[in-house]
Colleague: 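For reference, the structure I am asking about is given below.
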There are 2 protein chains.
Amino acid sequence: MHIEIILKHVYVKQVTKRIVKNSLKRIFLYRACLVRLKLMGVEKVFSYTLADETGVTSDQVRKDFSEFNIRGNKRGGYDINDLLDNMEKLFHRNKDNNIVLIGMGNLGLALSKYSKFVQRHMNIVATFDIDPFKHKIRSGIPVYSMNRLKEIIDRFRVKVAILAVPEISAQEVTDELIRQGITGIVNFAPVLLKVPPEVIINNVNLCDELESVIYYVHLQNKDNGLKNLELLYKDMKY
Amino acid sequence: MHIEIILKHVYVKQVTKRIVKNSLKRIFLYRACLVRLKLMGVEKVFSYTLADETGVTSDQVRKDFSEFNIRGNKRGGYDINDLLDNMEKLFHRNKDNNIVLIGMGNLGLALSKYSKFVQRHMNIVATFDIDPFKHKIRSGIPVYSMNRLKEIIDRFRVKVAILAVPEISAQEVTDELIRQGITGIVNFAPVLLKVPPEVIINNVNLCDELESVIYYVHLQNKDNGLKNLELLYKDMKY
DNA sequence: CTTTATATGTGAAACTTCTCACATAAATGC
DNA sequence: GCATTTATGTGAGAAGTTTCACATATAAAG
């Protein structure tokens with residue numbers, strides 16, 4: 001009997017889907033542009049304006065909008081406020097979203113202070129840490145012990161959590177979060193979490209992000225690097 | 001004359017390519033698994049072991065290895081150490097990679113303390129901030145003023161930078177980094193940076209990561225949500 | 001009010017990525 | 001040492017994504 005057969009039975013089947021399809025990622029990209037253009041006083045955009053700004057083709061922009069049922073005005077282009085409204089609705093930004101943050105280490109602390117979340121109607125209502133020395137208000141948001149998790153999740157109807165705990169406890173904490181009703185997690189621990197299929201996991205691996213840049217920078221420095229790079233580069237970064 | 005025509009001339013064409021193709025992202029995924037399995041004392045894996053662990057199909061695993069010229073043993077599977085060696089080479093982890101970090105706000109500080117970078121041979125040799133009050137050693141890494149950037153980049157032959165500055169100064173700092181020889185940037189500012197085509201940009205947008213989870217959680221809660229979700233979910237998260 | 005110019009929206013074609021299926025190689029058993 | 005089993009590696013086919021091209025709508029101009 002091989003060891004892999006044992007492994008099969010020890011582990012629950014991994015469910016790590018790609019939660020963000022490319023077209024949705026591009027919507028984020030377009031929105032970033034639109035916000036900037038709006039600040040500059042622009043009121044109307046055309047598919048090729050956004051295309052130029054984001055490095056996507058104008059066909060792609062229109063197809064993407066079409067997919068999410070965002071429509072413009074033939075010959076007249078798109079109204080920036082209309083577009084932004086549509087996107088707000090898409091991301092449910094009309095209502096506030098309550099979030100919990102688990103793990104108040106360096107990264108957790110930084111995330112709890114990240115002001116952009118609030119600007120985008122995502123409120124971290126409480127943070128949690130097993131270390132009792134961290135149980136005080138830092139950065140204006142209370143830090144609780146894990147045994148108050150259920151209470152807070154219920155009171156604020158929290159569905160989404162940010163996980164910034166050490167990798168060693170990530171799975172354990174995830175299991176507890178799901179037991180208490182969390183259905184979506186942004187995971188900063190460099191671990192592949194095992195979760196039931198209905199739970200949404202979005203992994204953000206800081207090392208991987210850096211390493212992939214290093215990979216392409218090295219590739220670029222090779223003699224025939226640029227050709228190789230162009231090949232790998234033919235798609236857009238969303 | 002329409003405003004978009006003006007815009008075309010004001011802005012340099014955006015070059016934001018997708019720097020990480022899916023197969024490469026999956027390689028990171030496989031490696032995360034392999035590291036864990038190795039810690040558990042496993043020495044050999046088969047494509048379907050990795051497949052089960054990562055939620056990818058076994059065909060995909062083999063195809064991916066094939067693409068990066070990583071080969072196993074027919075009938076014998078893959079040796080974990082061999083695989084990891086291959087991946088180290090792929091990411092140039094045999095040699096050390098010197099990195100600079102710009103912006104020592106909350107996030108920058110957290111990143112400068114992130115121990116995983118060092119474990120993976122990515123050394124932040126110096127950090128920079130415009131605020132002179134931050135010019136002291138925090139977290140063991142020196143904090144310099146921006147006018148020492150060139151000196152440090154040259155001395156440590158730095159090619160890659162982490163950008164954790166406010167969005168307002170992100171473009172300006174980027175221009176300076178590129179002038180001083182940086183060719184790869186992990187950008188945490190929620191801005192689409194304009195860079196020459198040979199410069200690698202990897203954007204990490206924390207709000208977008210959270211919002212995309214919220215998007216799918218809401219989708220799931222709708223009546224017919226699950227069907228929709230399954231459709232969007234058919235691909236894997238790499 | 002009619003004409004013209006131009007930007008959208010979308011099927012169809014081209015291209016890319018993934019899955020399937022099987023030939024091939026190597027370990028195991030007899 | 002031969003037969004058998006089983007996992008890899010890879011063309012071929014399927015599925016998905018992007019680009020193309022044009023019909024359609026509408027703003028602007030005459």
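Every chain is numbered from 1, with letters handed out A, B, ... down the list of sequences. Scope of the values below: all heavy atoms of this structure, side chains included, with no hydrogens, waters or symmetry mates.
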Colleague: Please report, rounded to the nearest Å, how far the C1' atom of C:dG11 is from the CD atom of A:Glu67.
Modeller: 16 Å
Colleague: For nucleotides 4-6 of chain D, print each protein N/O atom paired with a nucleotide N/O atom at under 3.5 Å, atom names and distance only.
Modeller:
residue: D:dT5; atom: O2; partner: B:Arg75; partner atom: NH1; Å: 2.5
residue: D:dT6; atom: O4'; partner: B:Arg75; partner atom: NE; Å: 3.4

Colleague: Checking A:Arg157 now: which residues fulfil side chain to side chain donor-acceptor pair (under 3.5 Å) with it, not counting sequence neighbours?
Modeller: none
Colleague: Please give, in whole Å, the distance from D:dG9 P to B:Leu50 CG?
Modeller: 13 Å
Colleague: Contact class for B:Ser47 (heavy atom, under 4.0 Å): base, sugar-phosphate, or nothing?
Modeller: sugar-phosphate
Colleague: Counting heavy atoms from C-beta on, name the nucleotide in D:dT18, D:dT19, D:dT10 closest to the side chain of A:Asn22.
Modeller: D:dT18
Colleague: If you find the nucleotide of DNA chain D closest to A:Asp64 and the one closest to B:Asp59, which residue's nucleotide is nearer the 5' end?
Modeller: B:Asp59
Colleague: Can you tell me the distance, in whole Å, between the CD1 atom of A:Ile70 and the C1' atom of C:dA7?
Modeller: 17 Å
Colleague: Is there a side-chain polar atom (N or O) of B:Ser66 under 4.0 Å from OP1 or OP2 of D:dG9?
Modeller: no
Colleague: Determine whether B:Asn205 and B:Glu209 satisfy the following criterion, side-chain hydrogen bond (donor to acceptor under 3.5 Å, both in side chains), listing intermediate values before the conclusion.
Modeller: CA-CA 6 Å; B:Asn205 189 318; B:Glu209 299 295 343; over 6 Å; no
Colleague: Describe the nucleic acid contact of A:Phe65 in one word from base, sugar-phosphate, nothing, applying a heavy-atom distance below 4.0 Å.
Modeller: nothing
Colleague: Answer yes or no: is there a donor N or O on one side and an acceptor on the other, between the side chain of A:Ser66 and the main chain of A:Arg62, under 3.5 Å?
Modeller: no
Colleague: Please report the C-alpha distance between B:Asn97 and B:Asn123 in whole Å, then the side-chain angles of each, then the deciding distance to 0.1 Å, and finally whether the side chain to side chain contact (heavy atoms under 4.5 Å, CB included) criterion is met.
Modeller: CA-CA 6 Å; B:Asn97 290 288; B:Asn123 307 316; over 6 Å; no
Colleague: Report yes if a side-chain nitrogen or oxygen of B:Tyr78 is closer than 4.0 Å to either non-bridging phosphate oxygen (OP1 or OP2) of C:dA26; otherwise report no.
Modeller: no
Colleague: Give a yes/no on whether any side-chain N or O of B:Arg71 is located under 4.0 angstrom from OP1 or OP2 of D:dT10.
Modeller: yes
Colleague: Is the phosphate of C:dT17, meaning OP1 or OP2, less than 4.0 Å from a side-chain N or O of B:Gln60?
Modeller: no
Colleague: In whole angstroms, how far is the C1' atom of D:dA27 from the CG atom of A:Asp79?
Modeller: 15 Å
Colleague: Tell me whether B:Asn187 contacts the main-chain N or O of B:Val191 through its side chain, where contact means a donor paired with an acceptor under 3.5 Å.
Modeller: yes
Colleague: For the pair made of CG in B:Leu83 and C1' in D:dA7, what is the distance, rounded to whole Å?
Modeller: 14 Å
Colleague: Ignoring hydrogens, what is the shortest heavy-atom contact between A:Phe65 and A:Tyr30? Give both atom names and the distance.
Modeller: CE2-CD1, 3.6 Å
Colleague: Using the closest heavy atom to pick a nucleotide of DNA chain C for each, name whichever of B:Lys63 or A:Arg62 lands nearer the 5' end.
Modeller: A:Arg62
Colleague: Return the value, rounded to whole Å, for the distance between atom CD of A:Glu43 and atom C1' of D:dA27.
Modeller: 16 Å
Colleague: Counting neighbours of CD on B:Gln119 that are heavy atoms of other residues, nucleotides or ligands and sit closer than 6.0 Å, is the number greater than 12?
Modeller: yes
Colleague: Is there a side-chain contact between B:Asn73 and the phosphate of C:dA27, meaning an N or O under 4.0 Å from OP1 or OP2?
Modeller: yes
Colleague: What contact category does B:Gly77 fall into here, base, sugar-phosphate, or nothing, at under 4.0 angstrom with non-hydrogen atoms?
Modeller: sugar-phosphate
